[in-house]
Structure formats: structure tokens, C-alpha cells
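Letters go in sequence order (proteins before strands), and every chain restarts at 1.
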Amino acid sequence: MILDFLNESQREAVLKTDGPVMILAGAGSGKTRTLVARIQYLLEEKNISPFQILAVTFSNKAAREMRERLAANTQINVGALQVTTFHAFCAKVLRMESSYLGLSRNFTIYDDGESQSIIKALLAKRGINQKELSPYTVAAFIDGLKNLGFYLGLPKNEDVEKFAEDKRLFDIFMEYEAELHRSNAVDFGGLITGVLNLFRNFPEVLRKYQDKYKYVLVDEYQDTNRAQFNLVEQLSHHHRNICVVGDEDQSIYSWRGADIRNILDFEEVFPESNLVKLEQNYRSSKRIIEAASEVISRNLARKGKNMWTDNDEGDEIRIIECRDDKAEADYVGQSIRKLAQAGVSLKDIAVFYRNNAHSRTIEDALRREKFPYRVVAGIKFYDRKEVKDMISYMRVVVNKKDSLALTRIINTPARGVGATSLRKLEDEAVRLQLSLFELIEKMVEGPSEFKHLSLSGKVQSSLSQLVQLIQEVQALEAQKQPPSISYEKLLNESGYYEFLKADKSYEGAARLENLEELMSAIKQYEESDMDPALVKFLENITLDTTSTEDGPQDQVSLMTVHGSKGLEYPYVFLIGVEENIFPSYKSLEVGPTAIEEERRLFYVAMTRAMKQLTITFAQGRMLWGSLKFNGPSQFLQEIPSQYYTWESYQTSSRKEGFSSSRYSYDEFDQSPSHSEDVYYQDKVYQQKKPAVTLGNYPSGSKIIHALYGEGLVLASEGMGQDEKVTIQFRDGIKKKFMVKFAPLQKV
DNA sequence: GTTGCGCAGATTTTT
DNA sequence: TCTGCGCAAC
């Protein structure tokens with residue numbers, strides 16, 4: 001029954017339950033289906049208890065999908081299964097065993113931004129100029145060390161030795177670790193290395209987990225770093241039932257520490273392992289699969305798979321040479337219109353780009369064509385200032401050693417505790433070896449002992465109010481009151497609500513709305529957890545940033561190529577396929593291995609498409625303030641010509657500066673293997689100027705603003721609820737508004 | 001504390 | 001060209 005819907009290799013992947021197995025699963029080969037079947041098989045046929053299975057994925061999205069599919073397919077209590085992300089799993093272990101490492105179980109998890117704040121402070125303390133050594137460089141160094149599985153106390157191996165050559169950086173790393181520890185905080189990388197540290201120093205703890213998990217599964221194995229590999233290797237060391245699933249051709253996160261050696265060396269680490277390849281693709285047309293396979297075959301760092309499909313031949317891939325970025329956007333907009341007219345639903349269409357900056361022109365075009373769209377990624381909800389502020393309040397409640405969170409809110413809203421007072425407090429806290437909050441608590445209890453700080457009466461009374469509020473909320477927590485109660489109290493009594501309410505601008509209103517959204521997120525969380533607590537809520541939101549908003553269903557999807565991994569769409573547009581963009585100029589500087597990663601990225605993009613793939617590039621593109629002529633990407637040459645048609649698209653009648661055959665055939669295709677049969681079609685489309693109907697306030701419209709009077713809309717972006725306009729008023733003042741909050745009227 | 005200017009930098013971003 | 005920031009002045 002479980003095996004019925006599987007092909008032969010998938011079946012093999014399910015049935016080889018014992019001993020190490022590596023499954024190389026090509027794009028669209030039914031990887032998730034196979035993984036789910038494997039777990040189901042373990043549960044139902046082998047009667048393994050769900051408590052003995054650990055399945056780790058990289059993203060929350062993947063974990064959620066797997067859980068949902070399992071819930072739909074089996075009777076067994078899926079809640080007992082550990083299907084989580086690496087980070088969530090490690091956070092859980094660390095909380096459970098926190099006492100071993102001298103953490104307390106309510107430790108805070110710092111995201112990248114917070115880590116960088118710590119680093120900035122450290123650099124400042126050492127008097128290091130940020131230009132001399134950027135916080136980013138330091139963060140990358142620290143992250144790099146952790147990705148290798150290194151933590152203080154561990155003897156350095158070769159990799160680490162090479163990486164940690166720089167004495168100064170290493171010193172900062174040590175200080176950073178100490179600072180985190182003082183704050184009772186752990187960063188993302190530290191979650192993994194923390195568990196490694198725990199396992200190494202307390203073998204009995206390791207043993208416990210090794211015994212517990214009889215079967216360990218790893219999804220998206222190509223994206224794991226060394227630390228994560230060490231982790232699963234140790235966990236499965238006893239039972240040796242480790243199953244990893246991945247695709248070396250889709251490894252696109254090496255810059256995040258993903259180590260392709262994890263795939264290439266798996267069989268050396270586990271000599272008794274089995275290798276299963278899933279090579280049949282169920283997603284894309286023959287042309288797409290064959291073309292993509294040709295491209296990826298040029299990579300050297302791969303084990304090699306032969307993808308094939310039973311699907312139809314399908315349409316030819318379209319390569320569209322556009323005059324400039326504007327024409328490219330026009331082309332995409334019009335093509336989508338044609339698709340829509342032909343009855344294609346918008347949710348089946350996606351536009352991919354190499355970097356976020358390129359979404360702009362496409363967004364404009366789609367708005368012009370009045371097509372709803374969603375930009376995947378963008379600014380994250382939990383990154384917004386007001387949301388972070390309120391989260392910081394909650395953090396201080398939960399973890400009073402979290403001084404970073406306290407500095408964030410100690411004067412937000414303004415309480416008269418400025419930089420000078422804060423500095424005094426910080427120095428004193430360091431001197432007494434207390435956290436900032438602990439110090440202030442002490443000070444409120446016995447102000448006389450802190451006279452030497454000479455803080456004003458105003459500062460002192462503000463602080464005592466703040467301390468009182470936090471303590472009261474801590475008491476609520478101790479009584480197991482729901483987090484939403486605590487949140488509400490913090491929001492109201494901190495003065496934050498008043499503070500935003502007083503801000504009459506559209507931004508203030510938007511902020512309040514975000515805080516309401518945060519409230520509903522908390523409420524939602526409360527309903528999902530049997531035993532809700534602030535700590536857990538806070539952990540959820542730092543480890544899972546997937547936004548829950550789902551908006552209208554039928555819309556075009558826009559995203560970066562990275563963001564497209566794991567998704568599929570019948571109609572795909574891949575734009576900006578130019579040298580220096582895709583592959584990026586950076587990868588061209590770095591060299592062959594970086595270009596191989598770009599090629600994998602290109603491969604990922606191609607294999608998202610099910611029916612139709614359209615690749616566009618611009619002859620000239622506005623980039624960094626000037627018009628750049630990058631020329632078509634080298635990857636286009638790597639697609640054998642029998643798979644594509646090549647068309648040229650020109651928007652305006654102006655031709656000066658561009659020759660439509662700027663890249664003559666000879667110049668362009670120099671690859672010896674298939675240069676003879678490239679054909680070049682120079683179709684020039686007659687382009688009607690699209691009707692300029694933008695959002696409610698298209699650029700050019702005249703408006704009246706209740707406060708500022710008459711004005712002219714210069715630019716408009718976003719649509720519906722998100723529509724934003726830039727307006728120039730009579731005195732030349734430009735202002736940006738969100739339409740939904742601004743008191744605007746058309747003239 | 002807020003505003004405003006000048007300057008550098010400008011891939012990707014699962015956690 | 002656009003943005004984000006660090007720092008100086010109100």
C-alpha cells in the first residue's frame with residue numbers, strides 16, 4: 001500500500017531502512033514523497049515507535065510540509081515524531097540539558113542582527129574603527145567557525161586551524177562568546193555547536209540521545225554544514241540508521257556554510273552505506289530536463305545523475321533578448337497577459353531573478369497590467385522596529401540577563417534615560433558583574449548605594465517604574481498567565497502604545513497595526529500550544545520567520561532564485577540572465593568553484609519550470625547609476641540550441657545606442673560543441689504603449705492631502721493595501737505615504 | 001532626541 | 001542611481 005505509488009528506486013529508498021543510506025534525489029524526483037513513505041513504512045510496517053525517529057530538515061517550511069503529509073497518510077500520532085529543523089531540535093536539547101553548559105533554560109536566541117549588535121559593541125570597546133574591520137567580517141568569521149563545528153574548548157582541526165589564522169579575529173570571537181554567555185544567549189550557529197559541546201563533554205547525555213533515536217533522517221542534505229554533519233553523525237553512531245537525502249546539484253548555500261563534501265565524502269565516512277539515486281523527474285517537460293541536465297553536466301564537483309522524464313517533449317525554451325531592463329519588464333508583463341488571456345491562472349506563473357533589486361521593474365510592469373502579485377521574502381515582519389521593540393520587552397521579562405534587549409528598550413519610548421546615563425549604568429554593571437537589569441533592580445532597592453553614579457531623579461524614577469513593570473509581568477509569567485496578557489500589560493504600561501498613538505503620521509498608524517498583528521500572532525500561538533509560555537513564543541518567532549499572511553490566492557509569484565528552491569510552477573520567467581548578474585560579478589571574481597555554484601543556481605531555476613520556461617536578458621541595463629552592457633550569461637551558451645528559440649524584443653522606436661544584433665552569433669556562441677546550429681530570430685514586436693493605469697494614485701495624478709495641501713504623485717509602488725506613493729507638494733517637498741493611512745483625495 | 005548631510009557600497013539570506 | 005549609516009548640529 002505504502003509502496004504502491006512509488007517507482008522502483010523510490011521503493012528501494014524506502015525499503016533500505018537499516019544501515020547508512022544516501023539518497024541522491026534529482027529535482028522533481030518525488031523526494032518528499034519518498035521520505036514520507038519511508039517514515040510511514042518505519043512506523044507501520046516495522047512498528048517503530050514515533051519517539052524513536054528523528055527527521056531534520058533545514059527550513060521550517062520543509063518540516064511543516066513533511067508533518068502535514070505524514071498526518072494525512074498515517075493513523076499514528078505524528079505529534080510524537082521529531083520532524084523539525086536542525087536549529088529547533090538543538091534549541092530543544094539545549095533547553096532540556098541547559099544546566100550542563102551553565103546556561104539557564106530560558107536562554108535567548110539571538111538572530112544575525114543581534115549578533116552584529118554585540119559585535120559592534122565589542123569593536124567599539126576595543127577602539128576598532130568599523131572601516132578597518134567591519135562587523136560583517138567579524139560576524140562572518142564567527143559564523144564560519146561555528147559552521148565548521150568549532151566551539152571554545154575543542155581542539156582545532158585542520159579546517160579550523162586554517163580558518164582561524166587571524167589572531168585578532170579569534171580574540172574577538174572569544175570575547176563575543178563570553179558576552180553571549182553573560183547574556184544567557186545563544187546565536188544560531190551556537191545552537192548547533194552548543195549541542196556538539198554538550199555531547200563531547202558529557203558522553204552520558206550523548207548516549208541517551210543515541211539510544212533514543214533509532215532512525216535518523218536528514219532532508220536537504222546538500223545544505224548541511226560541517227557542524228550539522230557532525231551532529232547527525234554522532235546521533236546515529238550507535239544504531240547507524242542514518243538516511244540522508246539531497247541533491248549536490250542544488251547546493252546553493254555554500255556561502256552559508258553548506259559543505260558539499262558532506263555529500264561527496266558520505267561514502268567514506270560510512271563505508272557500509274548504500275547509495276540510491278532518484279533520477280526520474282515528474283515535474284518538467286523533456287526539453288527542460290534535458291537542457292538543464294546539459295548545463296549542470298559541466299560542473300566538476302558532483303557525483304553525477306542522469307535525469308530523465310516520461311513527460312511530453314513540451315514547448316521550446318524561449319530566450320528573449322531585450323533592449324533594456326524596461327523592455328524586459330514589458331515583455332514579461334505582456335507575456336503574462338497573454339497567458340492569462342489563454343486561461344492560465346496567475347498562481348501558476350512565477351518570475352525569478354538573481355537579486356532582489358530586479359523585482360522592481362517587474363513589479364511596475366505587473367501593476368501596469370493590473371495583475372496581483374506577491375513578492376516572496378521582502379522585509380520580514382519580525383524585523384520591523386516596533387515589533388522588535390516589543391519583543392525586547394518580552395525578552396527582558398523572560399531572561400533578565402539579556403542586556404542587549406534591555407538597551408533596546410530602556411529609552412523606548414523616551415524616558416529620559418539617554419546615552420550618558422546608559423553608559424554609566426553599563427560601566428557599573430560590568431564592574432559589579434551583573435546584567436544591566438540586575439543592576440537596575442539593585443539600584444531601585446537601595447538607591448543610596450549608587451549615589452556615585454549621580455543619576456538624575458528623573459532617570460531614577462523612570463528606571464524604577466520600568467523595573468516594577470518588568471517584575472509584575474514576570475510574576476504573571478510565574479503564575480502561568482497566557483503570554484497575551486503579559487504582552488498587553490507591557491504594551492500599555494510601558495507607554496509604548498501611547499507613544500505610537502501620539503504619532504499621527506501614517507507610519508505611526510502602520511506601526512500600531514503591526515503591533516496588533518503581533519498580538520494576533522501571540523494569540524495564535526497560544527491556541528497551538530498546550531502549555532503556552534513567553535519563552536516558547538519567543539523561540540518560535542526567532543527560529544521560524546515564515547510569515548503567516550496569505551492574501552489573495554491567485555497572484556503571480558516573484559522571488560529570487562534562491563527563494564524558488566523546492567517550489568514548482570507551470571510557467572516560469574527567469575530574468576536578468578546576463579554576465580555579471582547571473583553569474584554574479586562576485587562569483588566571476590572568485591573563480592571556478594563560485595561559478596559552479598552559480599551554475600547550480602541556474603539549474604535550480606530551470607528545473608522549477610513544469611511546462612514553459614522563458615529566459616530573458618537585456619542588452620543594456622541601468623545598474624548602479626549607469627547603463628551597463630553586460631551581454632548574455634555564459635550559461636545561455638551552455639544550453640544546446642535544439643532546446644530553445646531565441647527572439648529579440650525591442651520596445652521603443654528609438655534604436656540609437658543599441659544594435660539589435662549587438663551580440664552577433666559568432667561573438668556569442670563560441671562553444672565548439674553546438675555552435676553550428678544556433679539560430680537567431682530577429683523578431684521586433686510592435687509595441688503598443690500600455691495604458692497607464694497604476695494603483696489608485698498613479699504617478700502624475702494630482703491630489704490633495706488633508707494636511708499638506710495640493711500635490712503631484714511622482715511615483716507609486718505596491719498595490720491595494722500596500723500602495724505607497726511619493727508626492728511632491730507645492731513647496732517642492734517630497735513625502736512618501738502609505739495610501740491606506742494617508743488622508744488623500746484625488747483632484 | 002531628531003534631522004540632515006555626506007559618503008561608501010550595492011549577491012544570495014533556509015536558521 | 002539609490003540607500004543606509006555614522007556622525008554632527010539643532
Side-chain angles (χ1 to χ4, degrees), chain A residues 56-65 84-91 109-116 120 124 129-131 134-136 139-140 143 146-147 186-192 219-220 222-225 227-228 250-258 325 352-358 360 376-380 382-383 411-420 422 499 503 539-546 559-567 576 580-590 594 597-598 600-602 604-605 621-628 715 726 736:
Chain A
V56 276
T57 66
F58 225 88
S59 69
N60 289 291
K61 202 169 76 182
R64 208 169 298 137
E65 189 184 339
T84 52
T85 64
F86 274 103
H87 296 269
F89 171 74
C90 288
I109 300 169
Y110 281 173
D111 66 20
D112 293 343
E114 286 146 348
S115 302
Q116 279 206 37
K120 274 185 198 162
N129 190 303
Q130 293 204 13
K131 276 161 208 153
S134 79
Y136 180 84
D143 204 42
K146 295 190 177 186
N147 286 337
V186 179
D187 61 11
F188 283 141
L191 289 171
I192 317 286
D219 189 18
E220 301 285 14
Q222 75 280 355
D223 291 332
T224 51
N225 57 37
Q228 289 155 343
Q250 293 188 63
S251 167
I252 54 175
Y253 284 103
S254 69
W255 49 279
R256 274 306 227 163
D325 43 351
F352 302 155
Y353 31 82
R354 177 67 239 269
N355 27 227
N356 285 117
H358 296 135
R360 194 56 180 276
V376 180
I379 329 111
K380 284 181 204 110
Y382 291 112
D383 277 349
N411 202 30
T412 319
R415 313 189 158 81
V417 188
T420 324
L422 182 57
F499 164 68
D503 180 355
E539 176 173 319
N540 276 341
I541 60 179
T542 57
L543 290 184
D544 185 358
T545 51
T546 348
M559 65 192 82
T560 63
V561 180
H562 280 91
S564 77
K565 203 185 74 173
L567 303 174
N580 291 321
I581 293 178
F582 200 175
S584 73
Y585 71 93
K586 279 239 161 99
S587 66
L588 289 165
E589 280 168 16
V590 174
E597 176 141 328
E598 294 279 316
R600 290 193 289 270
L601 196 53
F602 189 69
V604 166
R621 179 181 299 273
M622 275 310 259
L623 218 55
W624 297 357
S626 62
L627 195 57
K628 294 272 160 51
T726 309
K736 208 167 169 182

Distances under 3.5 Å between protein N/O atoms and the N/O atoms of nucleotides 1-10 of chain B, please, pair by pair.
{"unit_1": "B:dG1", "atom_1": "OP1", "unit_2": "A:Asn411", "atom_2": "ND2", "d": "2.8"}

Grab the N/O contacts between the protein and nucleotides 13-15 of chain B below 3.5 Å, and write none if there aren't any.
{"unit_1": "B:dT13", "atom_1": "OP1", "unit_2": "A:Thr560", "atom_2": "OG1", "d": "2.5"}
{"unit_1": "B:dT13", "atom_1": "OP2", "unit_2": "A:Asn356", "atom_2": "OD1", "d": "2.9"}
{"unit_1": "B:dT13", "atom_1": "O2", "unit_2": "A:Arg256", "atom_2": "NE", "d": "3.2"}
{"unit_1": "B:dT13", "atom_1": "O2", "unit_2": "A:Arg256", "atom_2": "NH2", "d": "3.3"}
{"unit_1": "B:dT14", "atom_1": "OP2", "unit_2": "A:Lys380", "atom_2": "NZ", "d": "2.8"}
{"unit_1": "B:dT15", "atom_1": "OP1", "unit_2": "A:Asn60", "atom_2": "N", "d": "3.2"}
{"unit_1": "B:dT15", "atom_1": "OP1", "unit_2": "A:Asn60", "atom_2": "ND2", "d": "2.7"}
{"unit_1": "B:dT15", "atom_1": "OP2", "unit_2": "A:Thr545", "atom_2": "OG1", "d": "3.2"}
{"unit_1": "B:dT15", "atom_1": "O3'", "unit_2": "A:Leu543", "atom_2": "O", "d": "3.1"}
{"unit_1": "B:dT15", "atom_1": "N3", "unit_2": "A:Arg256", "atom_2": "NH2", "d": "3.0"}
{"unit_1": "B:dT15", "atom_1": "O4", "unit_2": "A:Asp112", "atom_2": "OD2", "d": "3.0"}
{"unit_1": "B:dT15", "atom_1": "O4", "unit_2": "A:Arg256", "atom_2": "NH2", "d": "2.2"}

Tabulate protein N/O versus nucleotide N/O from nucleotides 4-6 of chain C, keeping only pairs under 3.5 Å, one per line.
none

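Here A:Tyr110 pairs with A:Asp402 under the side-chain hydrogen bond (donor to acceptor under 3.5 Å, both in side chains) rule; sequence neighbours left out. Take A:Phe499 and apply the ring-ring contact (aromatic ring centres under 6.0 Å, His included) test, not counting sequence neighbours, and it matches A:Tyr496. With sequence neighbours left out, A:Lys120 forms a side chain to side chain contact (heavy atoms under 4.5 Å, CB included) with A:Gln130, A:Pro135. For A:Phe58, the ring-ring contact (aromatic ring centres under 6.0 Å, His included) test picks out A:Phe86, with sequence neighbours left out. Residues forming a side-chain hydrogen bond (donor to acceptor under 3.5 Å, both in side chains) with A:Glu65 (at least two apart in sequence, or on another chain): A:Arg69. For A:Trp255, the ring-ring contact (aromatic ring centres under 6.0 Å, His included) partners two or more places apart in sequence, or in a different chain, are A:Tyr253, A:His562. Shown here are the ring-ring contact (aromatic ring centres under 6.0 Å, His included) partners of A:Phe188, two or more places apart in sequence or in another chain: A:His87. For A:Ser254, the side chain to side chain contact (heavy atoms under 4.5 Å, CB included) partners are A:Glu597, not counting sequence neighbours. Residues passing the side-chain hydrogen bond (donor to acceptor under 3.5 Å, both in side chains) test with A:Asn147, sequence neighbours excluded: A:Asn225.
One interatomic measurement links the two molecules: CD1 of A:Ile581 to P of B:dT12, which rounds to 12 Å at whole-angstrom precision.
Nucleotides B:dT12 and C:dC5 are separated by 15 Å at their P atoms, to the nearest Å. One C1' atom belongs to B:dT14, the other to C:dT3, and the distance between them is 26 Å to the nearest Å.
As judged by a 4.0 angstrom heavy-atom cut-off over every strand, A:Glu598 is placed among the base-contacting residues.
Between A:Asp112 and A:Arg256, at least one side-chain N (NZ, or NE/NH1/NH2) sits under 4.0 Å from a carboxylate O, which counts as a salt bridge.
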